[in-house]
Amino acid sequence: MSNGANNAAARPSWLLRLYTNAPVLFCFCGMAILMTALWCLGFSLNNDADDLLKLHEIRTLLETGNIFDRTLPGIVQPEPYVSHWPWIVDLPYAAFARLVTPFAGFEPALMLASFAVPLLLLAPALYFYNRLVIATGFAYPAVAFPLALIFAARTFFEFAPGRIDYHNLQILLLLAALALMMSRNRFSAFVNGLLTALSIAVSAEFAPFYALVIAVYAFDWIFDREGGENRMVGFGLALAAGAIGLFAAIVPPSAYTAVRCDSYSTPHVTALVAAGLSFAVVPWLAGRRGGWPMRTAILLVFAAASAAALAMLFPQCLASPYASLDAYVRDNMINRILQELSLFRRPDVVLSTGFPSMALLFIGALAPAVICAGRHGRSRPLVILALFSLLALVLAVGYVRYYRYLPIFAGIGLVFVLASLLPPDARLGRYLKSPVPAASRRYTLILPGLVLSVAMALYNLSVKPSEAAVPAGELADNCYSSPFEPEQGWPAGAIVLSPPLVGSRFVALAEGPKVVTIANHPSAKGIERSYRFLDPATADPRAILDATKATHVAICAWRGPPLPALEAAYPFAAGLIEGRPPAWLRECPTAASSPLRIYSYRNADGSDAVCPASTLAVQARP
């Protein structure tokens, strides 16, 4: 074979060269096709009731055009329901739907926005994730990136079609913040300050991560890293300016003094402005006097003073967001939601199908820290990755709500683990080679994660978490994941009392009845009433219907043989589930395959409520 033929054979194909130059594009297409195919086949990658409420919220924003009024129609407890999500979370979907409406109509445009916008947000999220992989120093990031993405797929499923909650936006902003921290661009810190303010305005859920972002910039200044002072001042000024600008954009002037601990309001903007101004002022006060102990002391004084002032001004926000809820709601619903528990309290950790994947995530999350523990493994990007990975692990163990974000960091760690296990002469091992030295022994990166997994298993086997009795309201809500076809043709003024998840299904309909409650904590009063309605301790359930002015009752149906255990524990709820209502309720006709039973009660004027006219053929879904 000639030299020309040898060179042609060794030269990579145009497709391989294109992939090497643009791995994000190829991975985006692959992820988008996969998630779209699963969506078309009816697989739900997240199945979160918040998406249904978000659909109703976006529809309301488009119909009213009022960005400040977050009162959502259709939810009557009978107290008004005020959303704790700011309108900026709805903006991408509302803007997309507004552009498409002239061509497709209102409801189709809204459905298209729910489908397309999460995928559009996926593209920049993958770009920033790829920047993290590049920063860690793999020899061929185009090989390491798709592997990390496979390991982190669970998190990136938050960008699946129909996943219109705010979590995907949070992930995008956090990935951007991480990439900016590793960037040497002189404006990166300033932009990061703006992104930090935006993320906290969206939700304070990621506040621990951004506290670590703030700590990294403070560390650079304290130890006089190159450009550390300029980065800290720029970040602080942008944080303060962004917080004030977003406050003006989100909060109406009439609510400037209002305190809402679960949404962006006076406590949040005060905390961000205090932190930002501290960052801007402290370097000027400290000057070049003293070393790192002096700088640390000055910064801690400002931080302590700010924290004390916030605690004095807003003491009601020191407790959890659910502290103000009635104990009945916390015990019967909130404390039974698995994501609201720690891994120490979940009864389904050990001997479950998810335990092996949990152990794998623990291994990947701890691997960067193991590498950084070595003498020669402390590059700035890897140290930042290790810190955020450890924080994500602690948050995931302590509060399962954060577990969905752990794969972001564990994914890159698992690539390091895979590289350490491959033989040195393996082709994939050469592609995954990194200038960051791995541990000297092949299995050192695995051991900490395995030890933590075994410790978690032993704890849950020896101290078995207690399981409270399942309330009747939860049993009556168990058809939420079933093929769901709510009724249409509801009479004017219909108000449905149902368990919260069923109520979320109704509220997402373009044309449906009003509901007493949905599965979200601002609907706590409605949740309490729907649960007490089915509680055997309630002497007269009709009093609940009268108090809520409900005209109908909707409940998950059981169409099989009688359930003696359910009938003994919850006779009233069992009667409704099995189709044996009391005399003051009348069952409405529903299809034999329907997961619901619907009962009519009476209208406000005392007349009998009319049943819905027909069954909805196609369910509107986000």
Side-chain angles (χ1 to χ4, degrees), residues 24-25 27-75 83 85-127 156-173 176 198 201-202 249-250 484-486 488 504-512 518 616-622:
V24 173
L25 176 62
C27 290
F28 168 74
C29 293
M31 286 285 291
I33 292 172
L34 172 64
M35 292 191 296
T36 300
L38 293 174
W39 182 84
C40 292
L41 292 173
F43 289 97
S44 177
L45 296 174
N46 292 284
N47 199 32
D48 194 333
D50 283 353
D51 294 325
L52 300 171
L53 178 61
K54 181 60 66 179
L55 181 65
H56 177 57
E57 186 173 281
I58 298 168
R59 182 185 289 119
T60 301
L61 176 63
L62 287 168
E63 289 175 344
T64 65
N66 191 334
I67 61 174
F68 289 132
D69 187 2
R70 303 304 286 166
T71 303
L72 298 185
I75 306 173
S83 174
W85 294 321
W87 68 270
I88 54 174
V89 181
D90 304 335
L91 182 59
Y93 304 93
F96 187 98
R98 183 72 72 189
L99 290 174
V100 178
T101 295
F103 307 99
F106 182 80
E107 281 300 323
L110 185 56
M111 294 300 109
L112 186 59
S114 300
F115 175 88
V117 172
L119 294 177
L120 294 176
L121 294 175
L122 175 65
L126 293 183
Y127 169 79
F156 286 99
F157 283 159
E158 293 289 329
F159 295 86
R163 184 59 171 146
I164 59 176
D165 199 358
Y166 62 92
H167 298 302
N168 47 31
L169 183 58
Q170 282 184 308
I171 294 168
L172 170 58
L173 293 174
L198 176 59
V202 168
I250 293 173
F484 206 98
E485 297 180 356
Q488 69 172 357
S504 297
R505 288 285 190 178
F506 278 110
V507 84
L509 296 175
E511 296 182 5
I518 49 95
L616 190 62
V618 180
Q619 175 194 349
R621 64 174 181 179

Review point. Which pair of heavy atoms, one from I164 and one from P118, lies closest together, and at what distance?
Key: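 Nearest heavy atoms, I164 then P118: CG2-CG, 4.2 Å.
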Just verifying a value: how many Å separate [X] [atom1] and [Y] [atom2], rounded to the nearest 0.5 Å?
X: F103; Y: L112; atom1: CZ; atom2: CG; result: 12.0 Å
X: Y166; Y: L173; atom1: OH; atom2: CG; result: 13.0 Å
X: I518; Y: L52; atom1: CD1; atom2: CG; result: 9.5 Å
X: F43; Y: L38; atom1: CZ; atom2: CG; result: 6.5 Å
X: L72; Y: H56; atom1: CG; atom2: NE2; result: 5.0 Å
X: L34; Y: C27; atom1: CG; atom2: SG; result: 12.0 Å

Review point. Which residue pairs pass the salt bridge (Lys or Arg N to Asp or Glu O under 4.0 Å) test with at least one member in residues 88-104, sequence neighbours excluded?
Key: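 Of all non-adjacent pairs touching residues 88-104, those that pass salt bridge (Lys or Arg N to Asp or Glu O under 4.0 Å) are K54-D90, R70-D90.
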Point to revise | Pairs touching residues 31-41 that satisfy salt bridge (Lys or Arg N to Asp or Glu O under 4.0 Å), sequence neighbours left out | key: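 Not a single pair qualifies under salt bridge (Lys or Arg N to Asp or Glu O under 4.0 Å).
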Among residues at least two apart in sequence or on other chains, which ones pass side-chain contact (heavy atoms from CB on, under 4.5 Å) with [X]?
X: A49; result: Y480, L501, S504, A519
X: A125; result: F156, F159, L172, L175
X: L120; result: F96
X: P86; result: I88, V89, I250

Do side-chain atoms of [X] reach the backbone of [Y] as a donor and acceptor pair under 3.5 angstrom?
X: N46; Y: D48; result: no
X: R59; Y: E107; result: no
X: D165; Y: D51; result: no
X: W39; Y: L45; result: no

Practice item. Check side-chain hydrogen bond (donor to acceptor under 3.5 Å, both in side chains) between E158 and all other residues, then give those that pass, not counting sequence neighbours. Key: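 Partners of E158 under the side-chain hydrogen bond (donor to acceptor under 3.5 Å, both in side chains) test: R163.
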Point to revise | Listed partners of S83 passing side-chain hydrogen bond (donor to acceptor under 3.5 Å, both in side chains), at least two apart | key: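 Partners of S83 by the side-chain hydrogen bond (donor to acceptor under 3.5 Å, both in side chains) criterion, ordered by chain and then number, come out as E57.
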Practice item. Could you walk me through whether Y93 and L55 pass the side-chain contact (heavy atoms from CB on, under 4.5 Å) test, one step at a time? Key: CA-CA 9 Å; Y93 304 93; L55 181 65; over 6 Å; no
**Study point:** side-chain hydrogen bond (donor to acceptor under 3.5 Å, both in side chains) contacts in which one or both residues fall within residues 60-69, not counting sequence neighbours
**Key:**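 For residues 60-69: D69-T71.
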